[in-house]
Amino acid sequence: MSSLAKDLSKAMSGGGMSQFQEAIRQELEEAMKVDLEKILSTAPESELEHTKKDLGGFQKLFHRFLQEKGPSVDWGKIQRPPEDSIQPYEKIKARGLPDNIASVLNKLVVVKLNGGLGTSMGCKGPKSLIGVRNENTFLDLTVKQIEHLNKTYNTDVPLVLMNSFNTDEDTKKILQKYSHCRVKIYTFNQSRYPRVNKESLLPIAKDLSYSVENAEAWYPPGHGDIYASFHNSGLLDTLLDEGKEYIFVSNIDNLGATVDLYLLNHLMNPPNGKRCEFVMEVTDKTRADVKGGTLTQYEGKLRLVEIAQVPKPHVDEFKSVSKFKIFNTNNLWISLSAVKRLQEANAIDMEIIVNPKTLDGGLNVVQLETAVGAAIKSFENSMGINVPRSRFLPVKTTSDLLLVMSNLYSLNAGSLTMSEKREFPTVPLVKLGSSFTKVQDYLKRFESIPDMLELDHLTVSGDVTFGKNVVLKGTVIIIANHGDRIDIPPGAVLENKIVSGNLRILDH
């Protein structure tokens, strides 16, 4: 660590604001400013304007990062949210729908967060272009859902994709295939921020080039960047001018995040006549969701608290299913005019997430990020709605992919719904081992996707393959030890079975 950065952390851990601390801080800010100006001077004319905005946004974030130290919440102030601030979905659905639902739909814009790559699933390029069901990608399903809405209600709900510099080019190439669909598609890019050397607290980038060696020097700063980027792109104003009033924001890999007319109607026609500027869909925690961000009451406002903000002694309490019963699905309904008002007043306050990374060469860096849901406390009249678990169906791993490809779900107009033949509404727990991590390896190991209608729990480890038309029921554990291989034969029915050792079926 540079002596400055070391001095700062020593001074800050000593508590209290001293002149010494302040002096170090100013020096670090000054050094950062000089470096950012050098980087900006390498920008081509065509990129100067938005690079200036990006680096300006980063400078503000860095300034705040130097001011704040330690977890950003005072645990003693965290309270359970008041009863009426998180409404049950059933209550909202019971209100029914008005006759003029089409005019309500025409006020809506669907925004999908499309900045992520498919690297964690062994795929190159944007994650949204991975095939998830009957050759359909995440993006295909999204377009089909919105097109179905527009055709059914004769409306004009547009789709907006927030890309990152990692996904923009590949996404734009693919958008041509939707030119005949009844969905207007817009894109804008989230910012490109410089990664900072953990020791010196200075950018590792020397210029703006997109060269291979420079690729690791930049990062997209988390989805909290949506407010500034959307506003800076000019698209926010365009949509407001077209009479749009709300955005429905969600992760593109959450297949449960479809437009819900009951939620939309509740926003546009609130029972008390007072519109909410921000609605967060939450759902009940299970043991698998203990790390998810939760809604709390903090200093009189609803506030999203993420595990990274929790002081260490309280992490177990945060994870407890009894105290914090719900978590954020990241399906958000937000007023466009409120975003414009708050963004222009520089009044959107989101906690900084400090994300440490080690680059391929072993260099330790820090990237400063924010989360879109953390802004809830800046909006007026915010609320949570406790939605069914079916609205949270993220595909983060091939284990998730197996579930959504199986007969547990049926596909209709781009939307996945749990099969009526499944007797209980819970999703089975699936854990596929490291031989299945990459999508191409996973696909090779299944001749066809097994029947999983009666499955509760599947664990697979080691070199295992599945023949055609396999049926899995109850709890099935298949473990091939190192050097062994297990081929589950075609047509096999495994119910409450543990399979281990070696099983090869060879053609005679």
Side-chain angles (χ1 to χ4, degrees), residues 1-6 8-9 24-25 27-44 47-48 50-69 72 113-120 124-127 162-169 189-229 232 306 308-309 350-372 374:
M1 194 181 274
S2 74
S3 57
L4 267 182
K6 261 192 194 130
L8 180 67
S9 69
I24 299 164
R25 217 187 252 127
E27 277 189 59
L28 283 167
E29 282 211 51
E30 196 48 46
M32 174 61 79
K33 192 176 166 210
V34 169
D35 270 26
L36 292 179
E37 278 168 4
K38 277 184 198 155
I39 293 170
L40 186 62
S41 68
T42 68
E47 290 182 26
L48 193 62
H50 74 246
T51 304
K52 218 180 230 170
K53 282 179 178 167
D54 280 0
L55 296 182
F58 173 75
Q59 217 169 336
K60 273 187 206 157
L61 201 59
F62 185 71
H63 171 78
R64 280 181 47 214
F65 163 70
L66 292 180
Q67 300 290 335
E68 298 163 13
K69 261 301 182 234
S72 48
L113 304 172
N114 185 45
L117 294 167
T119 29
S120 63
K124 281 195 165 78
K127 187 174 181 184
M162 176 164 94
N163 299 337
S164 67
F165 62 88
N166 289 321
T167 61
D168 188 52
E169 205 177 315
N189 263 5
Q190 64 187 112
S191 309
R192 183 175 176 233
Y193 280 5
R195 283 180 167 148
V196 169
N197 183 319
K198 194 179 172 200
E199 304 301 320
S200 67
L201 292 184
L202 289 171
I204 59 170
K206 295 292 165 258
D207 58 50
L208 272 170
S209 71
Y210 284 86
S211 63
V212 178
E213 58 273 21
N214 216 12
E216 284 201 314
W218 300 90
Y219 71 100
H223 42 53
D225 185 49
I226 184 171
Y227 304 106
S229 297
N232 291 344
E306 302 278 3
Q309 297 165 256
M350 294 170 284
E351 291 75 32
I352 296 175
I353 299 159
V354 180
N355 190 351
K357 297 254 178 195
T358 303
L359 302 185
D360 288 347
L363 182 67
N364 289 324
V365 296
V366 169
Q367 49 189 55
L368 306 179
E369 302 175 6
T370 54
V372 55

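In this chain, residues are counted from 1 in sequence order. None of the values given here were measured: they were computed from a predicted structure.
The backbone N or O of E306 lies less than 3.5 Å from a partner atom in the side chain of Q309, making a donor-acceptor pair. Checking side-chain atoms of H223 against main-chain N and O of V372 turns up a donor-acceptor pair under 3.5 Å. Of the possible donor and acceptor atoms, one in the side chain of T167 sits under 3.5 Å from a partner among the backbone N and O of N114. Between the side chain of Y219 and the backbone N or O of E369, no donor-acceptor pair lies under 3.5 Å. Distance alone, capped at 3.5 Å, is enough to place a donor-acceptor pair between the T42 side chain and the I39 backbone.
In this pair, F58 and F62 present their aromatic rings parallel. The plane angle is below 30°, not in the 30 to 60° band.
To the nearest 0.5 Å, atom CD of residue Q67 and atom CD1 of residue I352 are 9.5 Å apart. Between atom NZ of residue K33 and atom CD of residue E37 there is a gap of 5.5 Å, rounded to the nearest 0.5 Å. Note that CG of L55 is 9.0 Å distant from CZ of R192, once rounded to the nearest 0.5 Å. Going from atom CG of L359 over to atom CG of N197 covers 9.5 Å, rounded to the nearest 0.5 Å. The CZ atom of F65 lies 10.5 Å from the CZ atom of R25; values are rounded to the nearest 0.5 Å. Atom CH2 of W218 and atom CD1 of I204 lie 10.0 Å apart (nearest 0.5 Å).
The shortest heavy-atom contact between L117 and P126 is CD2-N, 4.0 Å. When all heavy atoms of R195 and V365 are compared, the closest pair comes out as CD-CG2, 4.0 Å. When all heavy atoms of A205 and A217 are compared, the closest pair comes out as CB-CB, 3.6 Å. Considering all non-hydrogen atoms of both residues, Q190 and G115 come closest at OE1-CA, 3.8 Å. The minimum heavy-atom distance between A371 and M350, with the atom names listed, is O-SD, 3.6 Å. The minimum heavy-atom distance between D225 and Y193, with the atom names listed, is OD1-OH, 4.1 Å.
For the pair L66/L28, a side-chain contact is recorded, criterion being any heavy-atom separation below 4.5 Å from C-beta on. Taking the side chain as every heavy atom from C-beta outward, E351 and T370 never approach each other to under 4.5 Å. Residues S229 and N189 have side chains not in contact (no heavy-atom distance under 4.5 Å, counting atoms from C-beta outward). The closest side-chain heavy-atom distance from V196 to L202 is not below 4.5 Å. Using a 4.5 Å cut-off on side-chain heavy atoms (C-beta onward), N232 and S191 make no contact. Inter-residue side-chain proximity for E216 and D360 is flagged as met; some heavy-atom pair is nearer than 4.5 Å.
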Exercise. Between V34 and E30, is a side-chain contact (heavy atoms from CB on, under 4.5 Å) present by the stated rule, with each step listed?
Worked result: CA-CA 6 Å; V34 169; E30 196 48 46; 4.2 Å; yes

Step by step, would you call L368 with I353 a side-chain contact (heavy atoms from CB on, under 4.5 Å)?
CA-CA 6 Å; L368 306 179; I353 299 159; over 6 Å; no

Margin query: Between K206 and K38, is the side-chain contact (heavy atoms from CB on, under 4.5 Å) condition met? List the steps.
Written below: CA-CA 8 Å; K206 295 292 165 258; K38 277 184 198 155; over 6 Å; no

>> L40 vs K52, test: side-chain contact (heavy atoms from CB on, under 4.5 Å). Steps then yes/no.
In response: CA-CA 7 Å; L40 186 62; K52 218 180 230 170; 4.0 Å; yes

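The environment of CD in E169 is sparse: at most 12 heavy-atom neighbours from other residues, nucleotides or ligands sit within 6.0 Å.
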